[in-house]
Amino acid sequence: MLLGSCIMMEIGRGTISSIMCDQKCVMDVIPVDIVCNTLIAAAWENAMTISNPIRVYNCTSGSVNPIKWYKYGEITQKYAVKNPTKYVMLYPGFQYRTNRVVHKIVELFLHFLPAYFFDLILRAQGSKPIMAKIAKRFQKAADTGEFFAMHEWTFEVPNLKRLTRKVHGARDGAEFDMDMAGMSWDAYLEQYMLGIRKYVLKDDLDSMEQARSKLRKLYWIKRLLQVGVLFLLYQLCLKRWLF
């Protein structure tokens, strides 16, 4: 989850353009309160009913309420644009890639070069340059989680499902929400990103309109740069064809 928070934060700030990941894989992420409630419920069941062999509870989302990486990315992108932070630096937009060579090229031109450019601006303003350091830190974090983003695992959850039914039938079972089946990933990820914005970036919700105004400007800057690049390519091709 720490890696996921780091990725989502940088997606929201627009500093990530490429992620090594097989987007067709099912990812396995689960809210920490679900894990805590499952631990409490499992301890309760084992105290009430001793078993041999020891029960194993796979507290996962992939076998109960699966979400693939591509969908997770779509929702993250949606809320990065809907609820931007005032610390956004580039218009959010990224792609998953499985080709390492292409990823490294994109990483160089769209991660590190902009980071060094922003550091030059910070130096000119008399501030401490930090963007290249952040880019390198994210690269290390992404490399750590790359194996898990390129593979998927299927966990059997019969004990978890049985425990969930048992908890639902208990008198105070409503206090121990441990059922991933009915959870909305859309609503969860929106709240998750708002939490990163408020508690990690220390960006209060009062700045939302300011952030949206900044994001609109970044959007048009991105479009103008894209048109400029296409125009230059057109001119180069035209000159090559004519001469």
Side-chain angles (χ1 to χ4, degrees), residues 1-23 27 69 72-73 76-81 83-150 189 192-204 207-208 210-230 232-233:
M1 290 301 289
L2 181 60
L3 174 62
S5 299
C6 178
I7 291 174
M8 292 173 73
M9 179 175 71
E10 296 306 322
I11 287 172
R13 282 163 28 91
T15 58
I16 292 180
S17 299
S18 181
I19 299 174
M20 278 293 292
C21 174
D22 186 346
Q23 64 177 357
M27 68 180 305
W69 278 99
Y72 192 89
T76 302
Q77 172 73 15
K78 178 174 74 172
Y79 289 114
V81 173
N83 302 316
T85 170
K86 66 181 180 182
Y87 298 115
V88 62
M89 305 197 71
L90 297 168
Y91 191 83
F94 72 99
Q95 288 185 349
Y96 293 125
R97 290 181 170 86
T98 55
N99 187 309
R100 184 177 299 279
V101 174
V102 174
H103 169 71
K104 288 299 179 183
I105 292 172
V106 174
E107 190 177 57
L108 173 63
F109 284 98
L110 297 182
H111 290 184
F112 285 102
L113 288 184
Y116 287 119
F117 174 74
F118 282 120
D119 276 351
L120 286 174
I121 295 176
L122 290 172
R123 285 183 185 277
Q125 295 174 341
S127 301
K128 183 179 179 181
I130 59 170
M131 294 309 301
K133 186 177 180 180
I134 291 174
K136 290 176 183 177
R137 187 181 302 165
F138 170 76
Q139 183 188 42
K140 289 181 180 179
D143 288 346
T144 301
E146 182 182 312
F147 178 79
F148 301 97
M150 296 291 288
L189 289 173
Y192 196 107
M193 294 194 71
L194 286 172
I196 291 173
R197 186 186 192 278
K198 184 174 181 179
Y199 298 108
V200 178
L201 293 174
K202 307 298 181 184
D203 186 8
D204 196 77
S207 68
M208 187 69 78
Q210 173 193 346
R212 286 172 178 162
S213 176
K214 183 178 180 180
L215 191 69
R216 284 192 291 269
K217 294 175 183 176
L218 290 172
Y219 172 81
W220 287 112
I221 289 172
K222 179 179 180 178
R223 292 303 180 209
L224 286 172
L225 286 172
Q226 289 173 335
V227 171
V229 170
L230 289 174
L232 286 174
L233 290 174

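Sequential numbering from 1 along the given sequence is applied to the chain's residues.
- For the pair R212/N83, a side-chain contact is recorded, criterion being any heavy-atom separation below 4.5 Å from C-beta on.
- The shortest heavy-atom contact between C21 and T98 is O-CG2, 3.5 Å.
- Contact check for L90 versus K222: no side-chain heavy atoms found under the 4.5 Å cut-off.
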Between side-chain atoms of residues 117-128 and protein atoms elsewhere (two or more places apart, or another chain), which donor-acceptor pairs fall under 3.5 Å?
{"unit_1": "D119", "atom_1": "OD1", "unit_2": "I130", "atom_2": "N", "d": "3.0"}
{"unit_1": "D119", "atom_1": "OD1", "unit_2": "M131", "atom_2": "N", "d": "2.8"}
{"unit_1": "D119", "atom_1": "OD2", "unit_2": "A132", "atom_2": "N", "d": "3.0"}

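- In this structure, R97 has no salt bridge (charged side-chain N to carboxylate O under 4.0 Å, His left out) partners at least two apart in sequence or on a different chain.
- E146 has its side chain within reach of D143: a pair of non-hydrogen atoms, C-beta onward, lies under 4.5 Å apart.
- No side-chain heavy atom of T15 sits under 4.5 Å from any side-chain heavy atom of I134.
- Of all the heavy atoms in V88 and G12, the pair that sits closest is CG2-O, 3.7 Å.
- With values rounded to the nearest 0.5 angstrom, T76 atom OG1 is found 5.5 Å from I11 atom CD1.
- V101 pairs by the side chain to side chain contact (heavy atoms under 4.5 Å, CB included) definition with N99, I105, not counting sequence neighbours.
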For residues 107-115, which side-chain N or O atoms pair as donor and acceptor with protein atoms under 3.5 Å away, sequence neighbours left out?
{"unit_1": "E107", "atom_1": "OE1", "unit_2": "K104", "atom_2": "NZ", "d": "3.3"}
{"unit_1": "E107", "atom_1": "OE1", "unit_2": "Q139", "atom_2": "NE2", "d": "3.0"}
{"unit_1": "H111", "atom_1": "NE2", "unit_2": "S17", "atom_2": "N", "d": "2.7"}
{"unit_1": "H111", "atom_1": "NE2", "unit_2": "S18", "atom_2": "N", "d": "3.3"}

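- Applying the side chain to side chain contact (heavy atoms under 4.5 Å, CB included) rule to S207 yields the partners K86, R197, D203, Q210; only residues at least two apart in sequence or on another chain are considered.
- The nearest pair of heavy atoms linking M20 to R100 is SD-CA, 3.9 Å.
- Distance check: L230 CG to L225 CG gives 11.0 Å after rounding to the nearest 0.5 Å.
- We find the CE-OH distance between M27 and Y72 to be 4.5 Å, quoted to the nearest 0.5 Å.
- The side-chain heavy atoms of V81 and Y91, taken from C-beta on, include a pair separated by under 4.5 Å.
- Looking at L194 and M208, their side chains come closer than 4.5 Å, going by heavy atoms from C-beta outward.
- By the ring pair (Phe, Tyr, Trp, His ring centres under 6.0 Å) test, F94 pairs with Y96, sequence neighbours left out.
- Of the candidates K214, M9, R13, R13 is the only one forming a side chain to side chain contact (heavy atoms under 4.5 Å, CB included) with Y87.
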**Request:** Mind running side chain to side chain contact (heavy atoms under 4.5 Å, CB included) on L189 and K78 for me, showing each step along the way?
**Result:** CA-CA 10 Å; L189 289 173; K78 178 174 74 172; over 6 Å; no

